[in-house]
Amino acid sequence: MNTEEQTYDGLIKACLGAREAILASREAVVVSHVDADGLSSAAIMCTALGRIGIDANPVFFKQLDGSALRSIADLNPNLTIFTDLGSGMIGEISELDIPAVVADHHRPSQAGKHSQIAHINPHLAGGDGSIQISGAGCAYLLARSLSPANKDLAQLAVVGAVGDLQDQSQRRLVGLNRRILSDAQEAGLLAFGPDIRLFGRQTRPVWKMLEYCQDPFLPGLSGDEEACIAFLKELGIRLGGERWRRWIDLDQGEKSRVASALMRHGLRAGLASQRLERLVGEVYTLLLEREGTELRDATEYSTLLNATARYGHSRIGLAVLMGDRDQAFEDAQRLLGQHRQNLVNGIKLVREVGITPMQRVQFFDAGSAITDTIVGIVAGLCFQMADRSKPLLAFADTPDGCLKVSARGTMELVHVGLDLSSAISRSAQAVGGVGGGHNVAAGATIPPHKKMEFLELMDRAIDAQMPRQAKPG
Ligand code: C5P
Ligand code: ZN
């Protein structure tokens, strides 16, 4: 691995190469991924292009496979800019023989140069795209190389990174993300600092925020509304006045009281202090957004974006990112309500079907009860409560008769050798599927009748990656 400085320099150099291709164009198709990071990447790119008079046409894909590439080629674009995807298909993109820029943070499928393509990816510069920088971060560096005035887009790169959970393992953004964070702060658009890390600080009644606490799962509180209300009342926290009080409505003293009581509660329930520390960490506030809205907080913002993109409504999320605070924002909030319900139902389903342990992995199969586009999110949430010494694989049927797999691990497992991206891409390929991603989170699509064979391959691949005695939690 290179130092962070070397990776940064490598990325900036790659951006300068891409800059030439972009400035020579009058229009571009921007191809991106249907999640919060993909949408943030597309918004950064489309805004930056618009500012220099280049007409941008955004298109979104669940997965960049052969048919997606053919539909892109059919558009006959002057220039195609791939953001938050593309690196896993770099060889195939190169075969299309079209002028292209790829700004992605997924592990590239092939090394080497491709003459028609400017390829911006931290892995090519000795870095790691799983937590150091997101797709939106790469798109941002490219945007900033087009014009320093694009520094205001750094806040969207923070939303993208948080959407890809890059702040999770160390409870703060790390690596190149911190440089982007500084840009956003310097632009006066974003503030960050320590706070409770529970979801819903801006928008949920405090007891709801506690009730949905998954990381860590708090026995006796998580999932139990009445217990959460009683817990807060006992601390003398007033729950409502004219309206229900949210975390942001509490004063500093009240916040500290709740945080320490949660720690005490967790310790009494037998949680390790290492797990409990996860309650507190760095949080990111978008200063120009209205208080009490999802957009004010990077985590809530990214969930709002997922609620659009994961259900085929990427354009709504993109419109919000590009400034629409009227119809698109309203639509996104409505979709968020449904998304939340789907996640709650998904977690319930996993409890019902259970997680099956194998030797080195564990899995559940949601069938068609969880949509393939959110099964990865559900897997991430359930993994908080599962055995964290083995990666979790989650299966769901896709509408076109394939089987979607989402794999989730921990950074502790990565430190002892886990690389889900390589395990899943090889195992999927061996059964006629396609997969890729990051060391800590990856995905694939495989033929349904190959599920057991795929599981066996994954079990063996993980066994080969990690020493047997390694059981970090
Ligand atoms: O779909 P899921 O959320 O499980 O994906 C986890 C990560 O793996 C994401 O970053 C996604 O872009 C990546 N992935 C990939 N190739 C696939 C499926 C997922 O690179 N075929
Ligand atoms: Zn991403």
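Each ligand, and each atom within it, is numbered from 1 in the order the structure gives. Everything numeric in this text was worked out from a predicted model, so none of it was measured. The analysis underlying the following values was restricted to heavy atoms, covering all of them including side chains, and did not include hydrogens, waters or symmetry mates.
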Does a donor on one side chain sit under 3.5 Å from an acceptor on the other, for Asp37 and His105?
->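 Asp37 vs His105: donor-acceptor pair found between side chains.
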
At under 4.0 Å between heavy atoms, which part of Ala379 makes contact with ligand 1: side chain, backbone, both or neither?
->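 The answer is neither; Ala379 stays 4.0 Å or more away.
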
Relative to ligand 1, is Arg408 under 4.0 angstrom through side chain, backbone, both or neither, heavy atoms considered?
-> side chain

Of all the N, O or S atoms in Asp37, the one nearest to the Zn ion (ligand 2) is OD2

Could you tell me which atoms of ligand 1, counted from 1 in the order shown, lie closer than 4.0 angstrom to a heavy atom of [X]?
| X | answer |
| --- | --- |
| Ala441 | 7 (C), 8 (O) |
| Ala444 | 18 (C), 21 (N) |
| Ser406 | 1 (O), 2 (P), 4 (O) |
| His438 | 10 (O) |
| Val434 | 21 (N) |

Could you tell me whether [X] and [Y] have a side-chain N and a carboxylate O separated by less than 4.0 Å?
| X | Y | answer |
| --- | --- | --- |
| Arg310 | Asp372 | no |
| Arg278 | Asp215 | yes |
| Arg171 | Glu277 | yes |
| Glu300 | Arg201 | no |
| Arg360 | Asp463 | yes |
| Glu282 | Arg197 | no |

Rounded distance (nearest 0.5 Å) linking atom CG of Leu176 with atom CD of Gln166 |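 Nearest 0.5 Å value for the CG-CD distance: 10.0 Å.
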
How long is the span from the CZ atom in Arg340 to the CZ atom in Phe199, to the nearest 0.5 Å?
-> 6.0 Å

Tell me: protein heavy atom nearest [atom], and distance?
| atom | value |
| --- | --- |
| atom 21 (N) of ligand 1 | Gln63 OE1, 3.2 Å |
| atom 16 (N) of ligand 1 | Gly436 N, 3.4 Å |
| atom 1 (O) of ligand 1 | Lys404 NZ, 2.4 Å |
| atom 17 (C) of ligand 1 | Gly443 O, 3.4 Å |
| atom 9 (C) of ligand 1 | His106 NE2, 3.8 Å |

Decide whether an N or O pair under 3.5 Å exists between Gly437 and ligand 1.
->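 By distance alone, the answer is yes.
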
OD1 (Asp84) to the Zn ion (ligand 2) to OD2 (Asp164), nearest 10°, is 170°

Taking the six-membered ring of Phe395, is NZ or CZ of Lys451 closer than 6.0 Å to its centre and within 45° of its axis?
->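 Pair Lys451/Phe395 counts as cation-pi.
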
Begin from the C-alpha positions of Gln214 and Ser222 and carry the test side chain to side chain contact (heavy atoms under 4.5 Å, CB included) through to its verdict.
-> CA-CA 7 Å; Gln214 299 281 345; Ser222 300; 5.9 Å; no

Check whether any N, O or S atom of His105 sits under 2.8 Å from the Zn ion (ligand 2).
-> yes

Contact between Gly88 and ligand 1, counting heavy atoms under 4.0 Å?
->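 So Gly88 does not count as touching ligand 1.
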
